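Written below as structure tokens is the structure these notes are about.
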Amino acid sequence: RLLGEHWRHFMTLQFEKFEHDQIGHDDRMHFVRLVVAGGAVEGDRVREGIGRAGAQLFIARYGGEIVGVAALKVPLEDYRTTLKEKSGHELSQSAFPRELGYVAVHTEHGGRGLARSLCDFAMRYAGDQGVFATTGTPQMLTSILPKLGFRWVGKVWLGDPNTKTGQKPDLHLMVRPKTLSTPETVG
């Protein structure tokens, strides 16, 4: 036991990026399970979203175990239309080609800034593209996304019931418009 505690002290947090078709089966399954555990999105929707061409997946590992995930998704036109109807804000493909989403952190690793680090890591790959996100999470709405250049637009709407709690969250649309130049972007 002592050796286990000692080893844990030296483990490091690692961030990885995968294209939609490069992630291994086990990592894909862990990604989906972690997102679904939050109750906001059903597994079929997550699998479809992370499997779509152009999606980029971001994983945080601690001691080899996946402890957090996020994605830069490629939203379909019907989803954009639905969001426009709910929020009252236009989300054209040309202005906002990507969506930041599926941000989830294992409960044992929450409260340590991991969601912020994952979002920051993902946004470096977004470069100067316009990106949007939908959230009902206060921390994402008031802290994480604004620090990454997102702002709240449109009106608040009621989301689908959380599969764990049954509650319908108040959802907000956040956008980060295309920038002329973004330092520290990676390709």
Side-chain angles (χ1 to χ4, degrees), residues 8 10-38 40-76 79-80 91 93-135 137 139-141 143-150 173-187:
R8 205 165 119 183
F10 291 103
M11 287 192 271
T12 59
L13 189 62
Q14 297 174 321
F15 292 89
E16 299 171 274
K17 176 202 153 272
F18 297 93
E19 297 300 321
H20 77 284
D21 58 351
Q22 293 177 330
I23 189 168
H25 176 75
D26 289 347
D27 284 350
R28 179 182 300 277
M29 301 289 40
H30 279 90
F31 189 110
V32 172
R33 276 196 297 271
L34 193 53
V35 173
V36 170
V41 187
E42 293 181 3
D44 289 344
R45 286 180 48 200
V46 178
R47 280 187 284 282
E48 179 186 328
I50 67 173
R52 191 169 297 130
Q56 294 175 310
L57 314 178
F58 304 92
I59 291 177
R61 291 183 199 272
Y62 183 73
E65 296 295 319
I66 295 175
V67 296
V69 297
L72 280 174
K73 304 185 287 183
V74 180
L76 297 175
Y79 176 64
R80 292 170 184 282
L91 289 170
Q93 169 70 28
S94 60
F96 300 101
R98 307 302 292 274
E99 178 185 14
L100 176 64
Y102 302 146
V103 180
V105 174
H106 192 284
T107 54
E108 292 179 12
H109 295 272
R112 300 179 188 167
L114 188 51
R116 164 83 162 99
S117 295
L118 274 163
C119 290
D120 182 59
F121 184 60
M123 291 305 294
R124 289 179 183 213
Y125 286 90
D128 65 355
Q129 297 179 83
V131 179
F132 71 91
T134 60
T135 187
T137 307
Q139 188 177 14
M140 292 289 283
L141 180 66
S143 179
I144 295 172
L145 293 174
K147 287 179 181 173
L148 292 171
F150 285 79
L173 177 61
M174 305 285 289
V175 298
R176 190 205 69 175
K178 180 179 180 174
T179 57
L180 296 177
S181 64
T182 304
E184 298 185 46
T185 58
V186 292

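Fair warning: this is a prediction, and the values are worked out from it, not measured in the lab.
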- Nearest non-hydrogen partners of Ala71 and Leu57, listed with the distance: CB-CD2, 3.9 Å
- Does NZ or CZ of Lys17 lie under 6.0 Å from the centre of the six-membered ring of Phe121, at an angle within 45° of the ring axis? no
- Task: Any chance you could measure Phe132, atom CZ, to Arg98, atom CZ, to the nearest 0.5 Å?
- Result: 11.0 Å
- Flag side-chain contact, heavy atom, 4.5 Å: Pro146 against Met174: yes
- Please examine the side chains of Thr134 and Glu99, heavy atoms only from C-beta on, and report whether any two atoms are closer than 4.5 Å. yes
- Task: Grab the two heavy atoms, one from Leu118 and one from Ala70, that are nearest each other, plus how far apart they are.
- Result: CB-CB, 4.3 Å
- Task: Please examine the side chains of Ile66 and Phe31, heavy atoms only from C-beta on, and report whether any two atoms are closer than 4.5 Å.
- Result: no
- Measure the shortest side-chain to side-chain distance between Phe150 and Val131 over non-hydrogen atoms and say whether it is less than 4.5 angstrom. yes
- Task: Please list, chain by chain and in numerical order, all residues satisfying side chain to side chain contact (heavy atoms under 4.5 Å, CB included) with Ala40, sequence neighbours excluded.
- Result: none
- Can you name the closest pair of heavy atoms from Pro97 and Gly130 and give their distance? CD-O, 3.1 Å
Validation: residues 41-50 side-chain donor-acceptor distances under 3.5 Å, sequence neighbours left out:
from, atom 1, to, atom 2, distance (Å)
Asp44, OD1, Arg47, NH2, 2.8
Glu48, OE2, Arg52, NH2, 2.9

- Message: Which heavy atom of Leu114 sits nearest to which heavy atom of Ala60, and what is that distance?
- Response: CD1-CB, 3.8 Å
- Between the side chain of Thr135 and the main-chain N/O of Thr137, is any donor-acceptor distance below 3.5 Å? yes
- Message: Under the criterion side-chain contact (heavy atoms from CB on, under 4.5 Å), I'd like the reasoning laid out for Leu148 against Asp120: C-alpha separation, chi angles, the key distance, then a yes or no.
- Response: CA-CA 7 Å; Leu148 292 171; Asp120 182 59; 3.6 Å; yes
- Task: Measure the spacing between CZ of Phe15 and CZ of Arg124 and express it to the nearest 0.5 Å.
- Result: 10.0 Å
- Do the side chains of Tyr102 and Val32 get nearer than 4.5 Å, heavy atoms only? no
- Message: For a 4.5 angstrom cut-off between non-hydrogen side-chain atoms, does Val103 reach Phe58?
- Response: no
- Note, Met123 side chain near Leu100 side chain (heavy atom, < 4.5 Å): yes
- Side chain to side chain, Gln56 and His20, heavy atoms closer than 4.5 Å: no
- Query: Residues in salt bridge (Lys or Arg N to Asp or Glu O under 4.0 Å) with Arg61, at least two apart?
  - Reply: Glu16, Asp27
- Query: With distance as the sole test, does Arg116 use its side chain to make a donor-acceptor pair with the main-chain N or O of Ser143 at under 3.5 Å?
  - Reply: no
- Query: Under 3.5 Å, is there a donor-acceptor pair between the side chain of Arg176 and the main chain of Phe96?
  - Reply: no
- Item | Neighbour count above 12 (heavy atom, 6.0 Å) for Glu65 CD | no
- Item | Least distance between heavy atoms, Leu145 atom then Ala133 atom | CD1-CB, 4.0 Å
- Item | Separation of Gln129 CD from Lys178 NZ (nearest 0.5 Å) | 8.5 Å
- Item | Nearest atoms (heavy-atom pairs only) where Ala53 meets Val74 | O-CG2, 3.6 Å
